[in-house]
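In what follows, a single structure is set out as structure tokens and then discussed.
Each chain gets a letter, A, B and so on, in the order the sequences are listed, and its residues count up from 1.
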Amino acid sequence: MPEGPNLLKVPKDCMSKRPPILQLKSLTKSFGTFNAVDGIDLDIAEGEFFTIVGPSGSGKTTLIRMLAGMEQASSGDIILSGTRINDLPANKRPTCMVFQSLALFPHRTVGENIEFPLKIKGIDPAQRKVRALALLDQLRLPPNYYGKSVLRCSGGERQRVALARALAFDPKILFFDEPLSAIDYKLRKTLEKELKDIHRETGKTFVYITHSLEEAMVMSDRIGVMRAGNLVQVGTPNEIYSSPKDKFVSEFMGDVNVIPVSMNGSRTITADTFDKTFTVATIPQAFSKGHLVIRPEFVRFVTEAKEAENVLEGKLYNEYALGSRIQYQVRVGENVFIVEKLRQHSSTLRRDQTVLIGWDAKDSILVTG
Amino acid sequence: MTDRGRRALIWAWTLAVLVFLYLPALCILLASLTASRYFLFPIQKWGLDWWRKTFESLEIRQLFANSITIAFCVMVVAVVIAFFGALAFARYNWKGRTVFQKIVLLPIFFPQSVLGLALLLWFNAIGIQTSWMTAIFAHLVWIIPVVTLVISIQVYSFDPALEEAAFDLGASRWQVFREVTLPVLLPGIVSGAFFAFLLSWGNFPLSLFTTGADATIPKYLYAKMVAGYTPGVPVLGTVSTFGAALLLLGGYWLVTLRRRAQS
């Protein structure tokens, strides 16, 4: 018997469409005639791990400093839980930042650093200590670090202390200004995962900036790629990885094959620098000129032209071992292609050997720009 | 050259430098330990008489009082002004900062006797009677730039993000200053205070012109050297020099103690 819509049967997925905790509306920061941040619109959901990625000079630091209240916006709105906070100074905003230099107070112990925001709030020393010890525990630091000087902590420990101090403030949003950039590779990889775990444990909203898309991919729920004061693309790591919006985003991801192409009259895509017509899955509307992007792991060595939808003949120039994968440089005329495959016990490939490389239409992306 | 030879040479050189630096001060001590009225080397007859006479003298006590008062006042005023000067010098980026930096440092290189004379003329021109109080002002003209420079060295190594972090964690401007800026810069402020006190304590050219009828220890020493030398002069010189050294060592000891207590 048909009835009205059953509200109890709303699929669970709709619940994940949480209301935005932070909304940016045409947010702009100008220095003279130069717009460091050029009219950004963005919604960040409550509990989200959002990362802004961009090269240096893209305006990401200016953006996060505006959000944290350390830089005054020139125009536009910053709306936190429905309230415009543009004019609130940093010390009145319920947000907190972990700085690139970490900014741990050098004249204080680990415990005093963590307790600092609690002391400012006027919480009594006994309660402060209980909270600080709980945070030490949460951040996998031994309790005897409470009385240790921050100057005697290692790089990774200092990261944890800085994060503990920010969490002690109990902010609605935590901002991170490239805190891992000065840490060596191996430890950085560990801390990235740890930070994601802490994000899950605390359920807080994290807004992180970095110049490393790789770092962003590991941790984030969503990524915003920034260039010249604008957000070029916003999406999940998977969206950014598999369907970059343009050449800039695709190249930001690391080694990638980018072929300048044009469309000729008969709706076929041809390379600009050599004679080849490509089969592609979809052609964007009004496409005339752009780039064909193929990730190196989607390019494979083939033995016959019919084994892949697009095949090129080239010479193997060099190979590079990347741990679990091996990367090959193949030269097709003057053009360099990168092929990646999982490491195998035996390889029959030799330098200067003539090889066929190929990929399927579904694995390539056609981007304008 | 062998490794041994090289090491011997380094030791010999170091020793020569030490002798060159500290032997004169030691000679002053020796000269004060004579029983004779005149300056004769080598000393014929040793004695502590001049030490007793010097400390019994009311005039000398007054000299100490003057020198200490001036040095103390100079220290307090110089540290306060130079601290904020150093923040302007090294912490904040503002229009005219490079000009400020040059103007502030220039008085350090003025010949002090000329500066003293200039100040004396100026005090006369505006009708101020020179005394130990005008000497404080004169010392400040030369010492504030030095202390500004000393504190600036500490300020240059100060990470401005520390203040931002404290502010971001909810602290007011005043709390940021009291809880972060001041304590982090404290070592620089303490060394600035030592510089101020000791430079004022030992200053002769500025005091000569600007103390008027009052006298400080360096001024008195000079007067006595010119006319009326007694072994009381090296006694006073020894006390003055070793007093300064003790003050410095004591300060160093306190800082070390504090550092040890922290870690």
Side-chain angles (χ1 to χ4, degrees), chain A residues 61 64-65 67-71 88-123 147-153 158 161-171 173-179, chain B residues 79 83 86-87 90-97 150-194 251-263:
Chain A
T61 301
I64 204 153
R65 285 176 62 82
L67 301 186
M70 277 155 239
E71 207 84 63
L88 275 187
N91 65 343
K92 298 279 188 295
R93 292 190 190 188
T95 61
C96 188
M97 173 121 118
V98 176
F99 287 78
Q100 185 165 23
S101 68
L102 302 180
L104 292 177
F105 305 134
H107 59 298
R108 290 170 183 269
T109 61
V110 168
E112 286 168 342
N113 263 280
I114 299 174
E115 287 178 14
F116 184 83
L118 305 172
K119 188 179 170 188
I120 295 295
K121 281 180 186 168
I123 292 166
K148 195 172 175 175
S149 161
V150 285
L151 301 174
R152 284 161 185 264
C153 291
R158 289 159 61 83
V161 176
L163 184 54
R165 186 178 68 180
L167 287 171
F169 180 71
D170 197 21
I173 304 179
L174 260 159
F175 296 114
F176 296 86
D177 180 10
E178 304 202 54
Chain B
V79 163
F83 175 68
L87 291 181
R91 163 75 176 83
Y92 296 102
N93 256 321
W94 48 286
K95 217 175 150 180
R97 176 170 125 168
V150 170
I151 300 179
S152 291
I153 294 165
Q154 182 88 32
V155 177
Y156 269 120
S157 66
F158 181 78
D159 176 10
L162 292 179
E163 285 179 348
E164 283 188 331
F167 188 62
D168 188 41
L169 289 164
S172 65
R173 294 277 175 208
W174 166 243
Q175 281 171 321
V176 170
F177 181 78
R178 201 193 56 203
E179 299 282 337
V180 177
T181 316
L182 198 60
V184 172
L185 294 177
L186 195 63
I189 295 170
V190 170
S191 29
F194 274 110
Y252 180 74
W253 179 70
L254 274 179
V255 168
T256 319
L257 269 192
R258 191 165 163 255
R259 204 163 287 164
R260 209 165 287 165
Q262 265 179 355
S263 54

*With a 4.5 angstrom heavy-atom cut-off, which part of A:F105 approaches chain B: side chain, backbone, both or neither?*
both

*Who among A:R65, A:R93, A:Q100 has the most heavy-atom pairs with chain B under 4.5 Å?*
A:R65

*Between the side chain of A:N91 and the main-chain N/O of B:F167, is any donor-acceptor distance below 3.5 Å?*
no

*Contact summary for B:D159 and A:A103, nearest pair of heavy atoms*: OD2-CA, 4.4 Å

_Looking only at heavy atoms and a cut-off of under 4.5 Å, which of B:Q175, B:R173, B:E163, B:E164 has the most pairs with chain A?_
B:E164

*Is it the case that more than 12 heavy atoms not belonging to B:R178 sit under 6.0 Å from its CZ atom?*
yes

*Pick one of side chain, backbone, both or neither for A:R108, based on which atoms fall under 4.5 Å of a heavy atom in chain B.*
side chain

*Would one find more than 12 heavy atoms of other residues, nucleotides or ligands at under 6.0 Å from atom OH of B:Y156?*
yes

*Can you name the closest pair of heavy atoms from B:L169 and A:C96 and give their distance?*
CD2-SG, 3.4 Å

*For B:E179 and A:H107, work out which heavy atoms get closest and say how close.*
O-NE2, 2.9 Å

*Take atom CH2 in B:W253; do more than 12 heavy atoms of anything else shown fall under 6.0 Å from it?*
no

*Considering all heavy atoms of both residues, which atom of B:D168 and which atom of A:T95 are nearest to each other, and what is their separation?*
OD1-O, 3.6 Å

*asked:* Counting only non-hydrogen atoms closer than 4.5 Å, does A:L151 touch chain B with its backbone (N, CA, C, O), its side chain (CB onward), both, or neither?
replied: neither

*Examine whether an atom of A:K121 lies under 4.5 Å from a heavy atom of chain B, and if so say whether it belongs to the side chain, the backbone or both; otherwise answer neither.*
neither

